[in-house]
Amino acid sequence: MTTTGRSLAELAEEVAMTLRGRLDPELVDGGTAAAVRSFLGVNLSPVVRVKQGIVVGERETAEPMFDCLLVEPRDSPPMPLANGAELVPADAVYGAVEATDELTPETLAAAAARIAALKRVHRLPLFHGDELVNPYLGLLVAGHGLTGSRLLDAVASENHARPFEEQIDLVCVLDQGLLGHAEVAPEGTVSLELPLQASARWRLTWLDLSERTLLAFYLALWDSLQARTLRPARFHVILRALRSAGVLALPSAYGVDRGE
């Protein structure tokens, strides 16, 4: 019990209901994608900035445009495009959140393909201890649709078609539950961790959380973002793409002819 006389479970339930209540008006006004983008933009700030944009990697650019990129603010200065989106360097990107009103095999496949495209964009590797981990988070949030065993089968089928490092990290179906890689202890407790971990202990798992789903998604994402470290963003790829009308250069490296 806490000093207020209520258990932690009761307090957590209150937080879950409050957060979920804040999402409702956004869902009514703009649908799942707009609501999730707004929710994350407000609740992850200033640690993470939510941007709409195209990710520029070392070797390639991820298209099409992503509506909800999770970006390190210090490493991603505004580079606006004409349509309101931005160019975002790959090394500044934590991941992307795809969203759909209804989760079906078709909308799942479309989101999985977009997440895989992002994860193929080359950037500096990221390590947790001695293990190389996927450098991007790929998340999917749905208003309703596939859940439970049907969702497990659908995601397993999608995963079978692509490498482990390109798979979806977490699927959230609002007011229903979460699907992700989890470890189930002998006593039945479940540990959910992001990003994906290639271990026999971690299995594709559905967690039935009902109205507590949004809070669980939010905290899992927050934990993952806080634990990650990004290298400084590199802009030389963008700079090399700029064309000059004329070039002037000294005949030798500066200082070399002066003995420096």
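Worth knowing before you read on, the calculation uses all heavy atoms, side chains too, and leaves out hydrogens, waters and symmetry mates.
In this structure, OH on Tyr94 lies 10.5 Å from CG on Leu44, to the nearest 0.5 angstrom. Here CG of Leu69 is found 8.5 Å from CD of Gln52. Values are rounded to the nearest 0.5 Å. Atom CG of Leu137 is separated from atom CD1 of Ile115 by 10.0 Å, given to the nearest 0.5 angstrom. Note: Leu151 CG to Leu178 CG = 10.5 Å, rounded to the nearest 0.5 Å. Distance CD/Gln176 to CZ/Arg212: 11.5 Å, rounded to 0.5 Å. Interatomic distance, CD1 of Ile54 versus CZ of Phe66, reported as 9.5 Å (0.5 Å rounding).
Under a 3.5 Å cut-off, the side chain of Glu86 and the backbone N or O of Val88 do not form any donor-acceptor pair. Side chain of Ser76 to backbone of Glu72: no donor-acceptor contact under 3.5 angstrom is found. Put simply, the side chain of Ser45 never gets that close to the backbone of Val42: no donor and acceptor are under 3.5 Å apart. Here the side chain of Asp169 pairs no donor or acceptor atom with the backbone of Leu139 at under 3.5 angstrom. The closest donor-acceptor contact from the side chain of Thr147 to the backbone of Val173 lies at 3.5 Å or more, if one exists at all. Under the 3.5 Å distance criterion, the side-chain polar atoms of Glu10 are matched with a main-chain donor or acceptor of Ser7. The main-chain N or O of Trp222 is never found under 3.5 Å from a side-chain atom of Ser224 such that the two would form a donor-acceptor pair. For the pair His144 (side chain) and Asp101 (backbone), a donor-acceptor distance under 3.5 Å is present. Remark: the backbone N or O of Leu70 is not paired with any side-chain donor or acceptor of Lys51 at under 3.5 angstrom.
Residues Thr107 and Glu98 fail the side-chain proximity criterion, which asks for heavy atoms closer than 4.5 Å. Between Val155 and Ile168 there is no side-chain heavy-atom pair separated by less than 4.5 Å. Using a 4.5 Å heavy-atom cutoff, the side chains of Val141 and Leu174 are in contact. Under the 4.5 Å side-chain criterion, counting only non-hydrogen atoms from C-beta, Thr205 is not in contact with His181.
Between Arg162 and the options Glu166, Glu165, His160, Glu158, a side-chain hydrogen bond (donor to acceptor under 3.5 Å, both in side chains) holds for only Glu158.
Atom CG of Leu248 is surrounded by 12 or fewer heavy atoms from other residues, nucleotides or ligands within 6.0 Å.
A cation-pi arrangement is absent between Arg22 and Phe39 under the rule of less than 6.0 angstrom and at most 45 degrees off the ring axis.
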> Do Leu207 and Thr213 pass the side chain to side chain contact (heavy atoms under 4.5 Å, CB included) test, and can you show the C-alpha distance, the side-chain angles, and the key distance before you say yes or no?
Replying inline: CA-CA 9 Å; Leu207 304 176; Thr213 299; over 6 Å; no
>> Applying side chain to side chain contact (heavy atoms under 4.5 Å, CB included) to Ile238 and Met79, what does each step give before you reach the verdict?
In response: CA-CA 10 Å; Ile238 299 173; Met79 290 186 283; 3.7 Å; yes
>> Let's go through Arg20 and Asp175 carefully: what are the C-alpha distance in whole Å and the side-chain angles of both, what is the deciding distance for side chain to side chain contact (heavy atoms under 4.5 Å, CB included) to 0.1 Å, and is it a yes or a no?
In response: CA-CA 9 Å; Arg20 185 62 184 81; Asp175 299 334; 2.8 Å; yes
>> Run Leu192 and Leu170 through side chain to side chain contact (heavy atoms under 4.5 Å, CB included) and show every step you take.
In response: CA-CA 10 Å; Leu192 181 68; Leu170 192 68; 4.0 Å; yes
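Checked by atom type, the side-chain pair Thr104/Glu102 shows no donor-acceptor distance below 3.5 Å.
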